[in-house]
Amino acid sequence: MAITLNINGQDHMIDADPQMPLLWAIREKAGLSGTKFGCGIAQCGACTVIVDGNAVRSCNTPLASAVGKAIRTIEGVSVNNDHPVQLAWQELTVPQCGYCQSGQIMSAVALLEKSPNPSDNEIDKAMAGNICRCGTYPRIRAAIHRAAEMSKT
Amino acid sequence: MNTPSFSRRNFLKVTASAAGGLMVGFSLPTALQAAMGEAGEINAWLTIDPDNIVSIVTPQTEMGQGAWTAIPMMIAEELDVPWENVRSVRADANRHVNNADLYTTTSTGGSTTVSRRHPYMMQAGASARERLRVAASKRWDVPLEKVVAKQGYLTAEHEEHGVMQGTYGEFAADAVAVTLEAEPAIKAYGDWWLLGKDVKRLDVSSKTNGTAVYPIDVTVEGMVYAAVQACPVPEGKLVSFDFEAVKGMPGVIAAVELTQVKDVPAFTDLRSAVAIVAESWFQAKNALAVMPIVWDFGRGATISFESQTAEALSLLAAPGTVLKDEDGNVGKGLDKGVNHDAVPDLIAASAKLVTGEVYSRPFEAHATMMPPCAVADVKADRVDVWTFTQDIGRSLNEVADQLGRDTKAVFLHQTQLGGGFGGGYNMDVHRQAAAISAAVGKPVKVIRSREEDIAQDSQRPPVWGTYKAALGEDGLPVALLTHFVGEEKMPAFAQRGVANMPYLIPNRRHENSFVQNHIPIGYHRAPGANSNGFIVEQMVDELALAGGWDPLEWRLKLTEGMEPWQRVLLAMKAKSGWTTDMGDGEGMGLAVVESHGTIAGCVATVSVTRRGQVFVDRLQYFINSGYVINPLNAREQAESSAVWELGHAMFGGLQIRDGRIVNTNFDSYPLMRMPDTPPEIEVNLEMSEDQWWGGLGEPTGPPTPPAVANAIFYATGTRVRSTPLSKAEL
């Protein structure tokens, strides 16, 4: 079945089962591999994308539910890898293996768009759904504060 | 005639300093480059192109630990080339395997990339630098001792022509042909210009925009997808499956049976499994989930963690065996003239006996954020593979073995790994991909579901341990007997951090026993020490308190004269604010464990609520690895190992029932998340700098759980002897 998805401002015609998780449509059909598969049950956040401004786990979001909505993936955060969150991540050398970081960044971007100057508690709450086995949490927390600071100037 | 040559960048500087007369033989940069030809490979480790860009080869895998930066750093240090001119490029596994292990090893584990590999890697850089000097000395016709190689430039004072200067790139082609009479010595600590400085890992920015490539991201023209299931009870075998029941499902192409190559449970052999191949992975996974499969579960079907624990407890009730290490020594601590034979009598006759209770740690999975994944494209004359591996050479050999192909026709491409932690060794996902691609005649991407990953992972084994000690008049132990029970497949894991504990106790005896186990076992970040440290370092606190000693003073006393340990312990004393008395509900605990040649101390501060909930408020680390080549990367790894192991200690633990692992995803196998992470992780680098090198990818893990458990004891008076700590009744 042909479905139109709007990803990073571009329409993609996708021929797939409407029940297919959005993650696999993004990766296999739209060819955007920055969004990762981690658990398949919305527990780890590696697949996080932003749909109409909200961070969602694409691994258990059916394709059909994203039709007509604005989907943003890591590839749509900036053209030149210079969104304040990306710059802060680079400055504080947040990523180690890096596999979870697309999801971490999408959760952080969604958080900062809603709360431009989040407290530690807000950060903990917004980021609790994203697992990082390299344990980069202290740097992620610091980088979100740094990105908030950079966005002000 | 040798012709002096110049780079455009340096032309003005050189003419100015040489006061004319240098225009002879001057070449325009473009003509110069054309004359020089292609980039010069000075040796297998590096290539210098005409623009003076140096490409340095990395045989080791990058999994976040920084290998793709550390290796270029070590070589650039000796080559003496500006860091911004350095490019990090991947080693060719095919070339390595088919040229007598060209890069010595491609294995990436044991925190060895810097600690053990630096001599030959730095040698490769030094050797290239010397060959460039020889090339310049010949072309310029100046004595070799006059040629200086520094920051990408060769410079010499010529008797007639004055100062000569050229880039490495201009001499690379000549240097390729140079043979050195003798290899130069590598630099000593203190002569470094790059090593020892904070350097950001080169691949960080590729991991902030989704462009870093992992095996799961590789796409090959015409590729199909496979979901796999091995027998849920490890070592079990596939009996039958009913493909007819699912072959009509959307996108389904084929079912492929995977059989063990050898009929023994080898660590890296293909396990008995079945795969569904489909046009998308989602379709393959859905069909596999409903396909009827019959298994023969084998010898493990009745085993549970509880049954293994019961077996371990009965083994602990009888004497164990004293194991010897590879050199025949009875543990490193016992080659100092101490008598292990005297221990049982000393314990039996002791007037002041301390009898420990049983401690344990459970199985833990790697659960790398990227579930195991591989792409294989098996063609008649060539095989290409991208896979989850910590050893590209070994995996290439395994693929060749799987397919019965010559290693010369197998090409295994290095990608980023979405975590490794030891999980990329005993791994058969590339065998699966190769076998399935060969069966269906198409390129295939295998992705393990998270459930399949955790069920089939090569797990960190459990351990159970206890001790007895006879104390002397001064409250210090005269004799110590430990008994650790490990699992049968990797007995060494039950010794690490035990037999080599540093404490100067005059009579020590370390016994072991082993439980039967069918669960595959593997290396798991600081293997052995990660679990054993929890037991040994709580035992130390129990012994110290029983003898009336402060736990830190006890450790200082029993490592007297051992400089690397004293350095760490004295730093802990000076900087941590150490106390065993913080007041009700709060506690500070410490532990110090050696692994990978590095001594790592941890001081943990916890608070425990009235309901018994534990919060780790602060972790302080004191690390001595001898040297550190990149303090920034060292801190990153120290933080990483700490959070890694704190996660297992607080929340982890695999449950085994009916021979299978039952908690196979993050809902039932909870791990560290941001709200659980201490707000403060402090890393102090306390380096001896006296000719020994330890590794830094793992050592802060092992002291973390015992430091936290000791802190819980000082906060509550309750000693927690098993993990997960979050389940302890406090």
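The chains referred to below are lettered A, B, ... by the order of the sequence lines, with proteins before strands, and numbering in each begins at 1. Below, each value reflects all heavy atoms present in this structure, side chains not excepted, and no hydrogens, waters or symmetry copies.
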| remark: Across all chains, not counting sequence neighbours, the side-chain contact (heavy atoms from CB on, under 4.5 Å) partners of B:A455 are B:T664
Region of [X] that comes under 4.5 Å of a non-hydrogen atom in chain B:
X      : result
A:I131 : both
A:T93  : both
A:I123 : both
A:W24  : side chain

Let me check something: any side-chain donor-acceptor pairs from residues 60-69 of chain A under 3.5 Å, sequence neighbours excluded? List them with distances.
| from | atom 1 | to | atom 2 | distance (Å) |
| --- | --- | --- | --- | --- |
| A:T61 | OG1 | A:R57 | O | 2.7 |
| A:S65 | OG | A:P62 | O | 2.8 |
| A:K69 | NZ | A:S65 | O | 3.2 |

| note | Filtered by a 4.5 Å non-hydrogen cutoff, the part of residues 672-680 of chain B contacting chain A is B:M672, B:R673, B:M674, B:P675, B:T677, B:P678, B:P679
| Is any side-chain N of the basic residue among B:K285 and B:E451 closer than 4.0 Å to the acidic one's carboxylate O? | no
| said: Looking at A:R146 and A:E149, is there a salt bridge between them, counting it only when a charged N and a carboxylate O are closer than 4.0 Å? | reply: yes
| task | For B:E698 and B:Q637, test the side chains for any donor-to-acceptor distance below 3.5 angstrom and give the result as yes or no. | result | no
| message | Quiz question: by atom type and distance under 3.5 Å, do the side chains of B:E636 and B:N633 form a donor-acceptor pair? | response | yes
Could you pull out all donor-acceptor pairs under 3.5 Å where a side-chain atom in residues 9-19 of chain A meets a protein atom, sequence neighbours excluded?
| from | atom 1 | to | atom 2 | distance (Å) |
| --- | --- | --- | --- | --- |
| A:D11 | OD1 | A:N6 | ND2 | 2.9 |
| A:D15 | OD1 | A:M1 | N | 2.9 |
| A:D17 | OD1 | A:Q19 | N | 2.8 |

